[in-house]
Amino acid sequence: IEGLSYVPQGMPTEEIERALRCMEGEEWFDPAIGRNQAMRFGKLPVWLRSFEDFGSQLLPPQLRFRQPVFDQMIANYYEPGEGLRAHVDIPHQFADGIIIFSLCGTCIMQFTRNDDEKQEPIEFFLSPGDVVCLTGPARWQWMHGIPERTEDSWMGNSISRTKRISLTLRKLLPQ
């Protein structure tokens, strides 16, 4: 997929563990009451700096030097069986260059072209530390999503899902 970068285990384990501790300390998630998402706008938490730095290096030069590189963050908590409807991140709200970090849990992320509903999805198996960067055609012309299921089949293996947390960095468009 043109404009898609996939970096297996791109983020070091210690950075992921630190981020998860910060999220827990700040009580970002409480699945018992349905709090499964956290968003930040503007200046992002300082402990996300390593994620911003890593993500910016995946961007093409014309996006890497914008200021700020990222000013919106969303973190999502998924229980086994939960998924993410195939979508393109809101085109009129977010600029080119979206970075997705898989912090814990595994899943298959599927990509399908916006204009071809019959196309078989292209799949990536995401593990903790994996990073996906969407720019250009991958950002604008492809939808990404995660099927709702409790286990994934990958390379002939059945892999049960556990709780999953993802972190996405984006740049807001001017209003």
Side-chain angles (χ1 to χ4, degrees), residues 3-7 10-12 15-59 63-111 114 124 126-136 138-140 142-148 161-175:
L4 185 145
S5 300
Y6 167 68
V7 184
M11 284 305 292
E15 288 297 323
I16 293 168
E17 289 172 353
R18 185 168 71 105
L20 291 169
R21 283 192 308 272
C22 289
M23 289 177 187
E24 186 176 337
E26 295 177 17
E27 300 179 347
W28 282 18
F29 306 115
D30 187 348
I33 61 168
R35 190 167 64 223
N36 61 2
Q37 192 173 77
M39 290 189 205
R40 300 292 182 269
F41 296 87
K43 188 170 169 59
L44 301 180
V46 75
W47 54 264
L48 282 176
R49 178 69 56 200
S50 62
F51 289 85
E52 292 180 78
D53 291 345
F54 186 87
S56 69
Q57 295 306 308
L58 297 177
L59 296 173
L63 301 177
R64 191 177 304 152
F65 300 108
R66 63 190 180 194
Q67 288 300 317
V69 178
F70 304 106
D71 58 4
Q72 198 278 332
M73 181 276 322
I74 184 168
N76 289 298
Y77 176 103
Y78 302 90
E79 291 284 358
E82 294 180 332
L84 177 66
R85 183 184 49 77
H87 69 284
V88 172
D89 289 39
I90 308 170
H92 63 274
Q93 188 168 3
F94 299 113
D96 198 6
I98 294 174
I99 311 290
I100 303 164
F101 297 91
S102 188
L103 302 184
C104 67
T106 61
C107 71
I108 288 178
M109 181 173 275
Q110 297 181 333
F111 291 85
N114 296 350
F124 289 84
L126 298 182
S127 296
D130 291 357
V131 184
V132 176
C133 174
L134 305 175
T135 64
R139 158 71 175 111
W140 305 109
W142 289 78
M143 296 185 292
H144 59 281
I146 299 169
E148 292 181 352
R161 288 194 188 169
T162 59
K163 84 171 182 186
R164 179 172 180 273
I165 297 176
S166 68
L167 178 92
T168 302
L169 298 178
R170 305 182 279 210
K171 169 76 174 157
L172 289 163
L173 290 170
Q175 297 295 7

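- Scanning for side-chain contact (heavy atoms from CB on, under 4.5 Å) contacts around Glu26 gives Trp28, Arg40, Trp47, with sequence neighbours left out.
- When the side-chain contact (heavy atoms from CB on, under 4.5 Å) test is applied to Arg21, the partners found at least two apart in sequence or on another chain are Glu17, Arg18.
- Side-chain atoms of Asp96 come within 3.5 Å of backbone N or O of Gly136 as a donor-acceptor pair.
- Between the side chain of Arg35 and the backbone N or O of Glu27 there is at least one donor-acceptor pair closer than 3.5 Å.
- Listed by chain and residue number, Met39, Phe41, Ile74, Phe94, Arg170, Leu172 satisfy the side-chain contact (heavy atoms from CB on, under 4.5 Å) test with Gln72 (two or more places apart in sequence, or in another chain).
- With sequence neighbours excluded, no residue forms a side-chain hydrogen bond (donor to acceptor under 3.5 Å, both in side chains) with Gln93.
- Residue Ile99 comes nearest to Cys133 through the heavy atom pair CD1-SG, 3.4 Å, listed as atom of the first residue, atom of the second, then distance.
- Between the His87 side chain and the Gly145 main chain, no donor and acceptor come within less than 3.5 Å of each other.
- Looking only at atom types and distance, the side chain of Tyr6 has a donor-acceptor partner in the side chain of Asp130 under 3.5 Å away.
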Starting from the C-alpha separation in whole Å, work towards a yes-or-no answer on side-chain contact (heavy atoms from CB on, under 4.5 Å) for Val7 and Leu58.
-> CA-CA 9 Å; Val7 184; Leu58 297 177; 3.8 Å; yes
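- No side-chain heavy atom of Glu24 sits under 4.5 Å from any side-chain heavy atom of Leu20.
- Although no hydrogens or angles enter the test, the distance criterion places a donor-acceptor pair under 3.5 Å between the side chain of Glu82 and the main chain of Glu79.
- No side-chain heavy atom of Met11 sits under 4.5 Å from any side-chain heavy atom of Leu103.
- No side-chain heavy atom of Ile98 sits under 4.5 Å from any side-chain heavy atom of Lys171.
- In this structure, CZ on Phe65 lies 10.0 Å from CG on Leu59, to the nearest 0.5 angstrom.
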Under the side-chain contact (heavy atoms from CB on, under 4.5 Å) criterion, do Phe101 and Leu169 qualify, and how do the steps go?
-> CA-CA 8 Å; Phe101 297 91; Leu169 298 178; 3.8 Å; yes
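- A heavy-atom distance below 4.5 Å is not found between the side chains of Ile165 and Asn76.
- Pairing each heavy atom of Thr135 with each of Gly97, the nearest pair is CG2-CA, 3.8 Å.
- Between Ala75 and Leu167, the closest heavy-atom pair is CB-CD1, 4.1 Å.
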Verify side-chain contact (heavy atoms from CB on, under 4.5 Å) between Gln37 and Tyr77, making sure each step is shown before the conclusion.
-> CA-CA 6 Å; Gln37 192 173 77; Tyr77 176 103; over 6 Å; no
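- The aromatic rings of Phe124 and Phe111 sit perpendicular to each other, their planes meeting at more than 60°, with 30° as the lower class boundary.
- Under the salt bridge (Lys or Arg N to Asp or Glu O under 4.0 Å) criterion, Arg161 pairs with Asp152, sequence neighbours left out.
- You'll find the side chain of Leu126 stays beyond 4.5 Å of the side chain of Thr106, heavy atoms only.
- A side-chain donor-acceptor contact under 3.5 Å links Arg64 to the backbone of Ser56.
- Taking Thr162 as the reference, nothing meets the side-chain contact (heavy atoms from CB on, under 4.5 Å) condition, with sequence neighbours excluded.
- In this structure, Asn36 CG and Lys163 NZ are separated by 13.0 Å, a value rounded to the nearest 0.5 Å.
- Taking 4.5 Å as the limit, every side-chain heavy atom of Leu44 sits out of range of all side-chain heavy atoms of Asp71.
- Side chains of Leu134 and Ile100 form a contact here, defined as non-hydrogen atoms less than 4.5 Å apart.
- For Phe70 and Phe51, the ring centers sit 6.0 Å or farther from each other.
- Side chain of Arg139 to backbone of Asp89: a donor-acceptor contact under 3.5 angstrom is found.
- For the pair Ser166 and Tyr78, the minimum side-chain heavy-atom distance is below 4.5 Å.
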